[in-house]
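Chain identifiers are assigned alphabetically (A, B, ...) following the order of the sequence lines, protein sequences preceding nucleic acid strands; residue numbering begins at 1 within each chain.
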Amino acid sequence: MMKKNKHQNQSDHFFQLVYSIVYLIPKGKVTTYGAIAKCLGAPKSSRLVGYAMNNCHGIIPKVPAHRVVNRNGLLTGKHHFSTPFEMRELLNQEGVDVINDQVVDFKSKLWIPDL
DNA sequence: ACTTTGACTATAA
DNA sequence: GTTATAGCCAAAG
């Protein structure tokens, strides 16, 4: 009788939850940390979303972290990729134009996870 | 157990 | 338009 589990022992429960949302981001679209956090029921934990992404290196399947930008449409996490240009490259391949580390027509490309 | 950190956001000046 | 400050909360040290 698993009585030792007082409350989901999944240490990275929050991380997995974030990843599951990121996987849902359609190709050619982007979303924000706050949108993901809000979808998780913790709109004020936007920082934790970014924190989770910092741990996404080596996650299988690959996490499309390049589709997650801040609320301004700025590629704040580009420095966490293999190369600062990789994030822009990936977005460009999906039809998302990026100029000066900012998504062009960000408002149009924005996608909000559906609950 | 306490302190620091961080891929954020909202508000104020 | 920009810059500064505060709030936020879980993971890592």
A:Phe14 vs A:Leu40, side chain to side chain contact (heavy atoms under 4.5 Å, CB included): CA-CA, chis, key distance, verdict = CA-CA 9 Å; A:Phe14 193 91; A:Leu40 299 181; 3.9 Å; yes
- Item | A:Val63 and A:Tyr23: CA distance, side-chain angles, deciding distance, side chain to side chain contact (heavy atoms under 4.5 Å, CB included) verdict | CA-CA 7 Å; A:Val63 179; A:Tyr23 290 137; 3.6 Å; yes
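Between A:Gln16 atom CD and C:dA11 atom P the separation is 12 Å, expressed in whole Å.
A salt bridge (Lys or Arg N to Asp or Glu O under 4.0 Å) check over residues 106-115 of chain A, counting only residues at least two apart or in different chains, returns nothing. The list of salt bridge (Lys or Arg N to Asp or Glu O under 4.0 Å) pairs with a residue in residues 29-55 of chain A, not counting sequence neighbours, is empty.
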Protein-proximity profile, nucleotides 6-13 of chain B, B/S/- by nucleotide at the 4.0 Å heavy-atom cutoff, equals BBBSS---
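Looking only at distances, no side-chain donor or acceptor of A:Tyr19 sits under 3.5 Å from a matching main-chain atom of A:Pro61. No donor-acceptor pair under 3.5 Å is formed between the side chain of A:Thr31 and the backbone N or O of A:Ile112.
Counting heavy atoms of neighbouring residues, nucleotides and ligands inside a 6.0 Å radius, atom NZ of A:Lys27 does not exceed 12 of them.
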Shorter than 3.5 Å, N or O on both sides, protein versus nucleotides 1-4 of chain C: list them out with atom names.
none

Under 3.5 Å donor-acceptor pairs involving side-chain atoms of residues 79-95 of chain A, not counting sequence neighbours:
{"residue": "A:Ser82", "atom": "OG", "partner": "A:Glu86", "partner atom": "OE1", "Å": "3.3"}
{"residue": "A:Thr83", "atom": "OG1", "partner": "A:Glu86", "partner atom": "N", "Å": "3.3"}
{"residue": "A:Glu94", "atom": "OE1", "partner": "A:Gly28", "partner atom": "N", "Å": "3.4"}
{"residue": "A:Glu94", "atom": "OE1", "partner": "A:Arg67", "partner atom": "NE", "Å": "3.0"}
{"residue": "A:Glu94", "atom": "OE2", "partner": "A:His66", "partner atom": "NE2", "Å": "3.0"}
{"residue": "A:Glu94", "atom": "OE2", "partner": "A:Arg67", "partner atom": "NE", "Å": "3.2"}
{"residue": "A:Glu94", "atom": "OE2", "partner": "A:Arg67", "partner atom": "NH2", "Å": "2.8"}

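Here the OG1-CG distance, from A:Thr76 to A:Asn70, works out to 4.5 Å after rounding to the nearest 0.5 Å. Atoms CG and CZ, from A:Asn72 and A:Phe106 in turn, are 8.0 Å apart once rounded to the nearest 0.5 Å.
In DNA chain C, runs of at least 3 stacked Watson-Crick or G-U pairs (N1-N3 plus N6-O4 or O6-N4, or N1-O2 plus O6-N3, all under 3.5 Å) give these stems: B:2-6 with C:9-13, B:8-13 with C:2-7.
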